[in-house]
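First comes the structure, then the notes that go with it.
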Amino acid sequence: MEAAAARPLQVAAIGVCAETGFWDSLRRLKLDVLGTDDSPIPITGYYTPRQYEKIASLFRICPESILPPSANSFGDRNNCPVPGTLLNTNNMRGFQNLDRALILRAEAKKILHDISSGNVEENPSLLLRFLVISFADLKNWKVYYNVAFPSLVFDSKITLLSLKFASSALSQEEVTSLSKAFIEWRKSSETTVVPFFLINITQDSTATVRHLKDWKACQGNGQKLLFGFYDHGNRGFPGWALRNYIAFVSLRCKIEKVQFFCYREKRGHPDLQQSLIGEASFLAPHGWDAPDYVPEAIGWEGETIGKEYKEMKPKEIDLSSINPASQDEEKQLMHLKLMGWRHFAVNLDKLSSARCLLLGAGTLGCEVARLLMTWGVRKLTVVDNGCVSMSDLVKQSLYTDKDCGVPRVTAIVPHLKERCSAVEVEGIQMEIPILGHNISASNAASVLDDCKRLQTLVDSNDVVFLLNETRESMWLPTLLCADKNKIAIAALLKYDSYLVMRHGAGPGIKGGGMDEVIAQIENLSTEDALGRQRLGCCFCSDIASLVNSEYTGTLDQHSTVISPGLTSVASGKAVELFARMLHHPDEIHAPGDIAGTDTEHQLGLLPHQMQGSLSKCVLSTVLCNSSSNCIACSNAVLSEYRRRGFYFVMQAINCPTHLKELTNISDLKKPFACSKISASIPVNLEKLSSARCLLLGAGTLGCDVARILMTTISLTMVEHTFQDCGVRKITIVDSGRVVVSNLARQSLYTSDDRDSPKASAILGHLKERCPSVIAEGIKMEIPMPGHPVSPNEAASVLEECKRLQELVASHDAIFLLTDTRESRWLPTLLCANENKIAITAALGYDSYLVMRHGAGPGTSRGNPDGDAAADKLSAEDALGRQRLGCYFCNDVVAPVDSVSNRTLDQQCTVTRPGLASIASGRAADLFTRLLHHPDGIHAQGEIAGTNSEGPLGLLPHQIRGSLSQYNLLTLLGYSSSNCTACSNAVLSEYQRRGMDFVMQVINEPTYLEDLTGITDLMKSAAYSQVEWIDEADDDEIDML
Ligand SMILES: [Zn+2]
Ligand SMILES: [Zn+2]
């Protein structure tokens, strides 16, 4: 090969191989460590001068590339390390908007600085510094990226004067000597990773390879000096690295002509047949030595001269093919890892290894088991003695019609597995011995067996959930947990109120050199092992009802007759309490917090007991210490149990008066009487079953709300019979499909539904729980403001708007359960226009909002003719009352595209497991109350504590609750005249222009703000004085 004449230097671009393993490492790093941090990450790339037949060697970015530089950057002869920078953005929009030209120049400036400061002589690989920009779409297991090798651009062209293969440019002696020198250079671990070097050839043809920093010493004396480098180029083209090398030569050596050597290797040996020797000349660039100079640069892979960087197509990597076995589990745990991004780091190891024993596989058992899985619990044992009956189906969330007649513990196992294949679950069918049930001679042996079996189960588990339907059956497990110092969490339901509590730790041992066995019996301390006062158990504070062993059974009967959604609320709280306790450094010994106090703990407060009522909209945290009269956890009982074991247990079960005597409570007066609950609740079964409900969203909230609506069994207690009743006409709209990460969280779906549209998958699951339900599913995207549509999409978006309009018109109540703010806008507008009940449920990270929208406006009097009516919307509703507000009334900005700029954890609406259950329970409950109110949608908003409750309890306008703060607020807000969804300005515009108006809102993000005067409001000084209800929570909820 002979260079014909001087010509511009052309170099070969670098071929990059970014291995899937690298991206998988990034995925883990992002998820587990980085979170929302998107600052640049130092990485290392590798290349080699080794050439394959006709193929240039690739620049490798591999799993090790992402390790901290100290751990891996040393490399070896086939992996010459090169420093790089990774910029991983938090979202696609951030990736697209990166100023590629600017970033490239910034990197080039670093190279320039390294040259002029002398860093390159110490670490020559800095000349090949590279840059990776990416967006790791963890949700979809994809990565989008571009790679650049920034290269300084000279003012004028570099001229290639000659270019030859080394074997023909050098004499035979020189080739021999040089090959030897290269073998030495490549053999030493210190030099083999140095990609830029000098070749010195003396007049007697002796060649040496030397470090770049020796360039001054090598000049003159008639010696030949070549600037050599490991070349990744191919055939007749030098590699890309030559460009910055020439910049180095120009700037540091101040010369305008260079001889270079492109070193290539074949099968581990210097290949001087393929290596190139060339000569290039160039003019010294201007201004490079000025300190603030930012050089021009090129170097994006696939860069096309003259095209905008924005048109550059990102490369795409699909990560779903790696680790398919563990991928399902990783997807299911992702939401927990995402919690660590902003909130607190979930201890997944602790959760997955915690062995949880659930006593009861009924209403509470089903919910708690499923929610525990969403917290990452993987070891469950479920104990129950009953079988699934037809009437259980709507209430006990996991069972379907096929399970009828099957023992619950058998039926529950596959239902948990099909939601989470990694869960280990064992079902044990057994009766839990019940206090006060006479033991006959014939069943004594089996009762004793059950006692022993329960003891073994408590011993072998870490946490016990008391979800039994009767309190008498909680006695033995409570005693066993106190004895073994096991975490016990109890949930009790009573008509429409619940109690969720954790039992205190068992007693510690008093000091003293007693024999151990005796000490354990006789010297029980009144404090726990940490010297703290023990917290009470569920028998401590409610002595009366149990002392009275002719227990009236009020609780029993009511425990199955519960307000809609109560189970969901209580289960959500129980599981939350468990997770909090597990993360508390003192675990079972953690003192009980009271709401309203400060806590240092990231998880928020850790109360001892929570009591709440749905009808009163109250939630209180209660703290009570272990009572010395307690029949289950007092030292008197525990030492008796330790002394006499199961003889004592059997005696107590058979004859509870024994417990009375033991605990000296026979003289105690009944501290309070169980409050009587009115025997007939005026529930209108007809109204419920004929109400047509439209659910927008079939995700976590949608599943729960649909199921709870069917369960609405606030039943007539007349003659102690109850009858299943609930909503039977449900239409569900959703555009998504079931994916594996939905399974445990979205209560209805199972692994068989994967990839099916949610709108159709959900129908079967509703039917198999309630055959009489008439459910319809509609796969449809809800049109959203601020999401401009292209002309060819316009027709279908218009169709969807009309479809939604028809759906709203043909239903009685609309539930807004979607997960973006903007998707609630059109339904809100349509509901206000049609005067339909609209109920919104929205989740923050640990807070929720459940609200009903106000009625639409009435028309002003004195405008009898229809045309004018549209313009004369009244400020009041049809009953002449001030209209209540909607979801958007408090907002100061119009809903626009809020997703693109979000980080992954925001896109996934990371919420604490259990929160959706609580919000869904409240939403369904609010609906039931509203439906029964004589004024319906016009009912005024009530505030908790104001004594305004009707027979169905309080009917608030908005309920806001926070899991970590344990507060529950009822709020009241009126429709705002600036509201972007329900104000008269918006409604009359809609009535005038119909879907034209809607389409304009969709396409023009600022149009709504102009129309409603929000723009002016924001501009005016008065804005700062506008007070929004409950500002503290707004941030969290507005993100939705
Ligand atoms: Zn107790
Ligand atoms: Zn509004």
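Just so you know, ligand 1 is whichever comes first in the structure, and atom 1 is the first atom listed for that ligand. Basis for what follows: all heavy atoms, side chains included, without hydrogens, waters or symmetry-related copies.
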R534 (side chain) donor-acceptor with C633 (main chain) under 3.5 angstrom: yes

Looking at H503 and A482, would you say the former's side chain and the latter's main chain have a donor-acceptor pair under 3.5 Å? no

Under 2.8 Å from the Zn ion (ligand 2), protein N/O/S atom count? 4

Answer yes or no: is there a donor N or O on one side and an acceptor on the other, between the side chain of H584 and the main chain of R580, under 3.5 Å? no

N984 versus S975: any side-chain heavy-atom pair under 4.5 Å? no

When you measure from the side chain of D528 to the backbone of L530, do you find a donor-acceptor pair of N or O atoms at a distance under 3.5 Å? yes

Should the pair E640-R643 be classified as a salt bridge under the 4.0 Å nitrogen-to-oxygen rule? yes

Is it true that some N/O/S atom of C633, main chain or side chain, lies under 2.8 Å from the Zn ion (ligand 1)? yes

Say whether, by atom type as modelled, one donor and one acceptor occur between the side chain of K836 and the main chain of L830 under 3.5 angstrom. no

About how large, to 10 degrees, is the angle SG of C537, then the Zn ion (ligand 1), then SG of C540? 120°

